[in-house]
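Shown below is the structure under consideration.
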Amino acid sequence: GGVIVVMEPSTGAILAMCSFPDYDPDKYFEVDEPKKFNNRAIFDAYEPGSIFKPITIASAIDTGKVTADTYYTDTGVVDYGRDQIKNFENKSYGYVNMTRVLEYSINTGVIYAMRAMGVPSFIDYVKKFGFGQPTGIDLQKESVGNINNLTAKGEIHQATISFGQGITATPIQMLNAFSAIINGGKLMSPYVVSEIISGNKVVKKNEPQVIRQVISPKTSLTMKAILVSVVENGHVKRAQIDGYRVGGKTGTAQVPDGRGGYKSDLSVIGSFVGFAPFNDPKIAILVRVDEPQSNRTG
């Protein structure tokens with residue numbers, strides 16, 4: 001299965017939205033599973049994985065506790081008593097800065113950023129980015145996801161959330177938050193309907209609505225540069241387009257097993273969230289693929 005959503009980041013206008021599996025509205029009575037009626041882009045909350053990392057880095061930069069060029073030494077692991085958090089493929093990267101943290105998608109690096117700003121600030125920013133709340137999109141029925149672990153006791157909960165595990169969000173929530181990172185820092189209210197016309201008269205026209213200013217325009221500009229560097233130097237060089245500077249981030253999330261753990265059969269959800277062009281982003285796109293059968297990374 002999968003979902004793709006395309007948004008105009010400066011306004012919140014939804015330019016395209018689709019999901020699979022879907023159904024033929026002319027033959028709705030042939031649908032064999034009721035869940036196929038759900039609009040997965042606004043209903044199916046999932047653990048987003050590493051596409052959440054820009055949220056953490058943007059928050060830490062906005063507090064002034066780190067910059068794009070803040071360095072730390074990555075040993076490849078963060079200890080929490082009996083538990084350990086490691087990087088993908090158990091890699092360690094040594095002396096790296098926050099830009100490299102996103103380029104190489106370093107779990108321990110976003111934990112460093114989260115710790116630098118402090119857990120209370122991290123919690124505050126995650127909520128300001130709209131997680132755990134409806135976006136207000138003009139479609140039914142919208143899920144709000146689950147952010148209960150955000151305030152759970154024990155920093156390991158916030159640490160795992162910093163890289164997109166232990167928290168769930170819908171594709172529309174994730175894309176809306178990402179758009180706030182690259183549009184100057186404004187969380188918008190997404191909408192599908194531009195205007196309603198009766199006869200030759202416009203009965204209602206939807207205007208862009210700012211929910212709140214989440215990060216400063218300066219932080220937004222810094223994050224755009226980092227995300228372009230992620231595409232140009234990181235794991236997702238194939239996202240580059242001739243004539244444009246493209247920014248974005250991949251994510252590969254494990255699938256919960258329903259018993260408090262994760263499936264061990266290599267089931268993953270791969271995601272990519274990106275934008276273009278750099279100077280004045282016109283589109284932001286989220287792609288989510290459930291349990292890809294070939295390449296198992298975002």
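Remember, it's a predicted structure, so these values are computed and weren't measured experimentally.
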For Tyr93, the side-chain hydrogen bond (donor to acceptor under 3.5 Å, both in side chains) test, sequence neighbours excluded, returns none
Counting neighbours of NZ on Lys65 that are heavy atoms of other residues, nucleotides or ligands and sit closer than 6.0 Å, is the number greater than 12?
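No, NZ of Lys65 has 12 or fewer neighbouring heavy atoms, counting only those of other groups under 6.0 Å.
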(request) Can you tell me which residue pairs pass the salt bridge (Lys or Arg N to Asp or Glu O under 4.0 Å) test with a partner in residues 9-19, sequence neighbours excluded? (result)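 Applying salt bridge (Lys or Arg N to Asp or Glu O under 4.0 Å) to every pair that reaches into residues 9-19, excluding sequence neighbours, yields nothing.
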(Q) Please confirm whether the ring centroid of Tyr23 lies under 6.0 Å from the ring centroid of Phe37. (A) yes
Hits for ring-ring contact (aromatic ring centres under 6.0 Å, His included) against Tyr72, two or more places apart or cross-chain, chain-then-number order -> Tyr112
Sorted by chain and number, sequence neighbours left out, side chain to side chain contact (heavy atoms under 4.5 Å, CB included) with Asn233 holds for Glu103, Ser229
- Message: Please tell me whether Tyr125 and Thr63 have a donor and an acceptor in their side chains that are separated by less than 3.5 angstrom.
- Response: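 Side chains of Tyr125 and Thr63: no pair found under 3.5 Å.
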Check: Roughly how far apart are Ser220 OG and Ile182 CD1, rounded to 0.5 Å?
Finding: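 Between atom OG of Ser220 and atom CD1 of Ile182 there are 7.0 Å.
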Anything under 3.5 Å between a donor and an acceptor, one on a side chain of residues 5-12, the other on a protein residue two or more places apart or in another chain? List them.
| from | atom 1 | to | atom 2 | distance (Å) |
| --- | --- | --- | --- | --- |
| Glu8 | OE1 | Thr11 | OG1 | 2.7 |
| Thr11 | OG1 | Ala13 | N | 3.1 |

With sequence neighbours left out, the residues meeting salt bridge (charged side-chain N to carboxylate O under 4.0 Å, His left out) with Asp74 are none
Q | side chain to side chain contact (heavy atoms under 4.5 Å, CB included) involving Val192 - partner list, sequence neighbours excluded | A |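 Counting only residues at least two positions away or on another chain, Val192 forms a side chain to side chain contact (heavy atoms under 4.5 Å, CB included) with Ile14, Ile137, Asp138, Leu139.
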Notebook entry, point to check: At what distance, to the nearest 0.5 angstrom, does OG1 of Thr219 lie from CE of Met223?
Noted result: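 Interatomic distance, Thr219 OG1 to Met223 CE, rounded to 0.5 Å: 9.0 Å.
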| message | Does atom CD (Gln209) have a neighbourhood of more than 12 heavy atoms from anything else shown, all under 6.0 Å? | response | no
Result block: side-chain N/O donor-acceptor pairs under 3.5 angstrom for residues 274-288, not counting sequence neighbours:
| from | atom 1 | to | atom 2 | distance (Å) |
| --- | --- | --- | --- | --- |
| Asp280 | OD2 | Lys282 | NZ | 3.0 |
| Arg288 | NE | Asp290 | OD1 | 2.8 |
| Arg288 | NH1 | Asp44 | O | 3.1 |
| Arg288 | NH2 | Asp290 | OD2 | 3.2 |

Q. Leu15 and Val3: same hydrophobic cluster, using ILVMFWY side-chain contacts below 4.5 Å?
A. no
CD1 (Ile167) and NE2 (His157) are apart, to the nearest 0.5 Å, by 13.5 Å
*Give a yes or no on this: more than 12 heavy atoms of other residues, nucleotides or ligands lie within 6.0 Å of atom CZ of Phe20.*
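Check fails, neighbour count at 12 or below.
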Taking atom types as modelled, is there a side-chain donor on Asn107 or Asn87 under 3.5 Å from an acceptor on the other?
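There is no such pair between these side chains.
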- Does one side chain, of Thr135 or Glu142, offer a donor that lies under 3.5 Å from an acceptor on the other?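 Distance-only check passes for Thr135 and Glu142.
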Donor + acceptor pair across side chains of Lys249, Ser105 (<3.5 Å)
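Short answer, yes.
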* **Partners meeting side-chain hydrogen bond (donor to acceptor under 3.5 Å, both in side chains) with Lys218 (sequence neighbours left out)** =>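 Partners of Lys218 by the side-chain hydrogen bond (donor to acceptor under 3.5 Å, both in side chains) criterion come out as none, since no residue qualifies.
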_Test of understanding: with ring-ring contact (aromatic ring centres under 6.0 Å, His included), list the residues that count as partners of Tyr262, not counting sequence neighbours._
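Residues passing ring-ring contact (aromatic ring centres under 6.0 Å, His included) with Tyr262: none at all.
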>> Can you tell me how far apart OG1 (Thr70) and CD1 (Ile61) are? Round to the nearest 0.5 Å.
In response: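 These two atoms lie 8.0 Å from each other.
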Distance only, no hydrogens: is a donor on one side chain within 3.5 Å (strictly under) of an acceptor on the other, for Lys53 and Thr56?
no
Taking distance alone, no hydrogens or angles, what donor-acceptor pairs closer than 3.5 Å link side-chain atoms of residues 235-246 to residues at least two apart or in another chain?
| from | atom 1 | to | atom 2 | distance (Å) |
| --- | --- | --- | --- | --- |
| Lys237 | NZ | Gly234 | O | 3.1 |
| Gln240 | NE2 | Lys237 | O | 3.2 |

Ala253: which residues meet the side chain to side chain contact (heavy atoms under 4.5 Å, CB included) condition with it, sequence neighbours left out?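 Result, side chain to side chain contact (heavy atoms under 4.5 Å, CB included) vs Ala253: Gln165.
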